[in-house]
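So the structure is just underneath, and the comments pick up after that.
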There are 2 protein chains.
Amino acid sequence: MPKTKPIRLDQQLCFQVYTANKKFNHFYQQALKPFDLTYPQYIAMLTLWQYAPLSVKQLGEYLHLDSGTLTPLLKRLESHGWITRSRSESDERTVIIELTDDAKNKRDNVFERVNSCFDILGLTPEEKEACSQTMSTIETKLDSYNESHL
Amino acid sequence: MPKTKPIRLDQQLCFQVYTANKKFNHFYQQALKPFDLTYPQYIAMLTLWQYAPLSVKQLGEYLHLDSGTLTPLLKRLESHGWITRSRSESDERTVIIELTDDAKNKRDNVFERVNSCFDILGLTPEEKEACSQTMSTIETKLDSYNESHL
DNA sequence: GTCAATTTAATTGTAAACAATTAATTTGAT
DNA sequence: ATCAAATTAATTGTTTACAATTAAATTGAC
């Protein structure tokens with residue numbers, strides 16, 4: 001009876017992605033320290049700087065997050081003065097997220113800080129492109145698997 | 001005064017990695033459902049199947065996790081009968097994690113299940129290799145940045 | 001127009017992750 | 001041998017993430 005080949009942890013794609021994500025997390029957490037933003041909060045702000053105003057649902061579609069995650073995160077962003085939350089008048093079910101003036105003013109500062117840290121990483125355009133390409137491939141395959149196994 | 005270029009969320013590497021990780025998480029969570037293992041628990045078990053017995057500290061070094069994360073995770077694995085936890089006799093500070101017979105017996109079943117799901121993804125060897133390569137590059141760069149900014 | 005079905009956000013409960021602290025043990029310098 | 005420093009896990013507190021449920025508002029079928 002043949003023994004299954006051992007699975008080497010460091011060769012598992014999932015583990016590499018899992019680890020890379022944690023390191024990205026740490027990297028951005030450091031870069032964002034001056035702004036009192038966590039990494040997920042920064043990602044939410046990125047979306048809002050691009051598309052605000054947005055409903056919680058719309059924001060969740062961009063981020064693939066539900067209200068269970070977003071409601072508390074948005075309350076924290078609100079209490080730190082980044083956003084406002086208000087019920088829509090035309091549809092009382094939806095909550096509209098808007099940027100504060102302060103958040104609009106800080107936008108360029110945050111981008112500058114994050115970009116300069118990212119530049120220090122020293123990824124070549126080719127490396128960035130390769131990474132982006134790879135992630136897209138993985139996502140596409142995972143999507144089609146995940147969708148067929150609801 | 002030139003306006004900063006808008007940052008497109010879907011072009012941010014960090015966001016792609018963040019998203020891919022979540023989708024991997026979902027993918028493995030599904031594949032592992034029959035075994036009552038979460039994805040992080042599975043990653044811990046992978047390490048233990050390869051190296052057990054291990055101390056909490058040693059396991060943490062493989063996984064880049066500290067006792068704050070591992071202690072509760074290991075307690076759950078223990079309560080589900082995957083592992084045992086016991087103080088080392090030679091050094092009462094360290095806790096030794098060992099596999100139960102049940103865990104050893106289930107090893108091949110888990111691998112078979114996970115591998116067959118992974119195969120369905122349909123990643124070519126080239127794609128796998130490209131992904132692995134990319135992740136290594138990213139990790140190396142992030143490591144050197146993170147280490148220089150302690 | 002009424003009421004069941006749907007939609008939206010919030011809530012509840014569980015698991016991860018990490019920083020900071022604590023408690024116990026071991027090591028090592030003297 | 002003693003005691004300060006270092007090591008190891010556990011604990012505490014905060015934030016994410018997600019499943020499942022709840023509450024309120026809206027839509028639509030009739």
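Chain A is the first sequence line, chain B the second, and so forth, proteins listed ahead of strands; every chain is numbered from 1.
- Non-hydrogen atoms lying under 4.0 Å from DNA chain C are contributed by nothing in residues 134-144 of chain B.
- Here C/dT14 presents its C1' atom at 13 Å from CG of B/Asp36, a figure rounded to the nearest Å.
- Of the residues in residues 17-25 of chain A, not one comes within less than 4.0 Å of DNA chain D through any heavy atom.
- B/Arg76 has its CZ atom 12 Å from the C1' atom of C/dG13, to the nearest Å.
- At a cut-off of 3.5 Å, with distance as the only test, no side-chain donor of B/Thr94 or B/Ser55 sits close to an acceptor on the other residue.
- Mapping heavy-atom proximity under 4.0 Å, the span of DNA chain D touched by chain A runs 5' to 3' from D/dT15 to D/dT26.
- If you check the side chains of B/Gln16 and A/Ser132, you find a donor sitting under 3.5 Å from an acceptor.
- Listed by chain and number, the residues in a salt bridge (Lys or Arg N to Asp or Glu O under 4.0 Å) with B/Glu98 amount to none (sequence neighbours excluded).
- Listed by residue number, the members of residues 77-91 of chain A with any heavy atom below 4.0 angstrom from DNA chain C are A/Arg85, A/Arg87.
- For A/Lys57, counting side-chain heavy atoms from C-beta on, the closest listed nucleotide (C/dA16, C/dT8, C/dT26) is C/dT8.
- For residues 66-75 of chain B, proximity to DNA chain D is found at B/Ser67, B/Gly68, B/Thr71, B/Lys75, defined as any non-hydrogen atom under 4.0 angstrom from a strand atom.
- Residues A/Ala44 and A/Leu59 come closest through the heavy atom pair O-CD1, 4.2 Å.
- Nearest heavy-atom pair across A/His64 and B/Lys22 is O-NZ, 3.0 Å.
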